[in-house]
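Please read the structure below before turning to the comments.
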Amino acid sequence: MSGSGHFDTSAVRADLRGKSVRSGAAMLAAQGGKAAFGLASAMALARLLTPDDFGRVALVVVSLSFLTIFRDLGLPEATVRFEAIDDEQVSTLFWMNLALALLIFVPAAFLGPFFSRVFRTPGLNGITAALAALCIVYVLSLHHTAILRRRMRFVVLAGIQVAVTIVASIVGIIAAWKGMGVWALVLQRFTNGLVETAAVWIFCSWRPRLLFRFGAIRGMIRFGAFYTLSAALYYVSRRADRLLLGRFSSAGAVGLYEKSYEWLLLPAGNITVPIGKVALPGLCRLQDDPARFRSYFRRAALLVLTITVPLILFLAVDAPRFVLFLLGGQWIDAVPVFRFLLAVALTADWVILLGWVYIALGRTDREFRFWAVAAAVLVAAFRIGAPHGPAALAASFSAAQLLLAVPSVFYCFHGTPLRAGDFFGVFARPTIRAAAAAAALLLFRRFVAFDAPPAIDLAAGAALFFGVYWGAWAATKPGRETLRADFRLLRELRSPAPPSPSPPDAVD
């Protein structure tokens with residue numbers, strides 16, 4: 001069938017380890033590039049714009065994001081997950097997503113006055129119209145990106161991400177410097193969407209055919225329906241906090257909370273999510289091989305947590321210096337919000353990692369049932385904290401997240417090749433070492449007078465923290481084994497090994 005070559009995954013199964021390693025390296029390298037340009041962009045925009053500017057965009061983005069869930073219907077994930085899929089099915093999925101986008105976001109473009117009244121924040125009309133149009137642009141790239149992910153062409157995706165970040169950052173900074181205010185953030189987002197969509201169409205030669213066969217995708221609808229319902233509940237549990245804060249407070253308070261949330265969850269968004277894009281296709285291919293599935297998941301989870309846990313703890317401990325250096329003095333009120341969100345940031349990786357299992361094993365119905373309960377608990381916590389400001393909201397969010405964390409693992413792993421002990425054992429290894437590094441940094445800050453410029457002060461703290469952290473890994477035999485496994489992965493990247501059916505190195 002025309003276009004069937006775009007969906008063949010035999011090469012992926014033949015060299016799953018090699019493709020996973022190379023793809024993971026490409027995505028992490030891309031995230032390094034994105035982080036560098038993103039950091040420079042954030043520092044510039046935080047000084048050129050105000051918390052109110054960021055807050056107004058955040059209110060509209062969060063409001064429209066809920067509608068985005070129903071535009072997608074989980075269908076791009078079906079393109080990645082299903083082993084047997086053809087051109088007719090993907091074309092049908094493409095046109096269905098585009099039709100839903102037009103149906104949802106053309107009317108949504110006129111919701112600006114409603115948002116302004118609900119959040120008591122004027123000037124949201126034009127922002128809403130522009131970002132609604134952007135949501136339609138993004139739908140054009142969904143299935144092309146899914147096809148590239150399905151075939152594990154992550155080197156291409158990594159290059160696109162870096163290029164998009166560079167172009168959008170430059171456009172946003174120039175616009176802010178020219179005095180465009182909040183519209184600099186809108187223009188930055190629009191540039192990102194347009195450039196990304198154009199790029200994936202260039203690098204993925206698949207083109208949708210002019211046909212629509214609902215019968216061809218009937219088997220995917222159930223998967224997509226539960227995925228969408230779970231995503232909607234997840235959205236409520238991760239976005240209702242800002243909506244309630246906007247209702248009870250001001251756009252400036254939302255801006256402080258949003259920026260704190262964004263930076264403390266930076267490790268999850270820039271490390272866990274990209275690794276997941278590589279790991280998920282591999283897990284999907286191993287759904288019928290329990291032993292390899294378990295080994296692959298544990299190794300990927302350890303890789304994620306070894307990197308993200310120390311970054312989160314460092315950001316929380318050194319929050320005052322981080323905020324002053326990165327964002328400037330006008331953002332100093334974000335420091336307590338940073339620290340109160342610590343538990344949210346640490347468990348954000350749990351949510352993503354468990355999501356891999358639900359999707360790879362086709363258990364989205366079970367995921368939906370969990371989020372039906374979790375969303376109710378979290379929204380209740382938001383309602384308690386939001387009237388008292390961003391710091392209180394962050395504290396109530398963390399308390400509810402801790403309450404849900406352990407049960408979520410037991411529930412997800414029930415009836416799978418995985419056991420809760422696998423996950424907690426993997427999580428404990430970097431967490432204990434990062435806690436030791438955090439204690440060392442806290443003692444240093446308390447008892448050592450270090451008078452230096454902000455950048456040097458922050459760098460000194462980072463050197464101490466990560467020196468203790470990596471030293472703690474090297475001090476034990478299991479830690480040294482983990483480091484050696486990482487070095488083996490680096491050597492494979494430089495001299496790729498022949499295709500092998502063996503799973504990634506075990507965690508133990």
Side-chain angles (χ1 to χ4, degrees), residues 50-70 108 111-125 127-128 131-132 135 182 185 228-265 268-269 331 333-348 351 368 370-405 408:
T50 68
D52 185 77
D53 292 328
F54 285 93
R56 285 196 286 164
V57 171
L59 287 171
V60 175
V61 168
V62 170
S63 300
L64 293 179
S65 294
F66 183 70
L67 300 177
T68 302
I69 297 167
F70 298 96
L111 289 176
F114 172 73
F115 293 155
S116 293
R117 286 195 302 273
V118 170
F119 301 121
R120 293 174 291 183
T121 302
L124 300 184
N125 296 13
I127 299 172
T128 302
L131 294 180
C135 290
V182 68
L185 298 174
T228 300
L229 291 172
S230 299
L233 292 170
Y234 178 79
Y235 164 89
V236 170
S237 70
R238 286 296 184 272
R239 295 293 184 270
D241 50 352
R242 273 146 283 191
L243 297 177
L244 286 169
L245 185 60
R247 178 63 176 167
F248 288 109
S249 191
S250 65
V254 175
L256 286 172
Y257 183 88
E258 173 73 15
K259 190 56 66 175
S260 301
Y261 187 96
E262 173 188 334
W263 281 102
L264 197 54
L265 270 75
W331 295 86
D333 290 340
V335 171
V337 184
F338 252 79
R339 288 177 166 167
F340 279 126
L341 284 172
L342 174 61
V344 175
L346 286 174
T347 54
V351 173
F368 163 70
F370 170 78
W371 282 109
V373 175
V377 173
L378 289 166
V379 170
F382 298 157
R383 183 60 181 83
I384 293 170
H388 305 289
L393 174 59
S396 62
F397 191 175
S398 281
Q401 193 69 24
L402 287 173
L403 179 66
L404 292 166
S408 70

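Side chains are part of it too, since the values below use all heavy atoms of this structure and drop only hydrogens, waters and symmetry mates. If you're wondering where the values come from, they're calculated on a predicted model, not measured in any experiment.
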Atom pair CD (Q401) and CG (L404), whose distance is rounded to the nearest 0.5 Å: 6.0 Å
Minimal non-hydrogen separation, P113 against N125, with atom names: N-OD1, 3.3 Å
T347 side chain reached by V351 side chain, heavy atoms, under 4.5 Å: no
Residues forming a side chain to side chain contact (heavy atoms under 4.5 Å, CB included) with R120, sequence neighbours excluded: none
Geometric class of the F397/Y261 ring pair [parallel <30°, tilted 30-60°, perpendicular >60°]: parallel
Flag side-chain contact, heavy atom, 4.5 Å: V118 against L59: no
Closest heavy-atom pair and its distance - P51, W331: CA-CH2, 3.6 Å
Side chain to side chain, S63 and L243, heavy atoms closer than 4.5 Å: yes
Considering all heavy atoms, the nearest G385-A392 contact: O-CB, 3.7 Å
Any donor-acceptor N/O pair, S398 side chain to A395 backbone, under 3.5 Å: no
P336 to A391 - nearest heavy-atom pair and separation: CB-CB, 4.4 Å
Spacing of CZ belonging to R383 relative to CG belonging to L244, to within rounding of 0.5 Å: 7.0 Å
Nearest-0.5 Å distance, CD of residue E258 to CH2 of residue W263: 12.5 Å
L111 CG to L131 CG distance, which is reported to the nearest 0.5 Å: 12.5 Å
Partners meeting salt bridge (charged side-chain N to carboxylate O under 4.0 Å, His left out) with D53 (sequence neighbours left out): R56
Smallest separation among heavy atoms of L64 and A108, with atom names: CD2-CB, 4.1 Å
Minimum-distance pair of heavy atoms, taken over all atoms of V62 and R242: CG2-CD, 4.3 Å
Side-chain donor/acceptor of S396 to backbone N/O of L393, under 3.5 Å: yes
Ring pair (Phe, Tyr, Trp, His ring centres under 6.0 Å) involving F119 - partner list, sequence neighbours excluded: none
Under the side chain to side chain contact (heavy atoms under 4.5 Å, CB included) test, residues paired with A394 that sit two or more places apart: Y257, V337, F340, L341
Side chain to side chain contact (heavy atoms under 4.5 Å, CB included) between L378 and W371, worked out: CA-CA 10 Å; L378 289 166; W371 282 109; 4.3 Å; yes
With I384 via side chain to side chain contact (heavy atoms under 4.5 Å, CB included) - residues at least two apart: none
Point-to-point distance, once rounded to the nearest 0.5 Å, from OG1 of T128 to CZ of F115: 5.5 Å
Partner set under side-chain hydrogen bond (donor to acceptor under 3.5 Å, both in side chains) for T121, not counting sequence neighbours: none
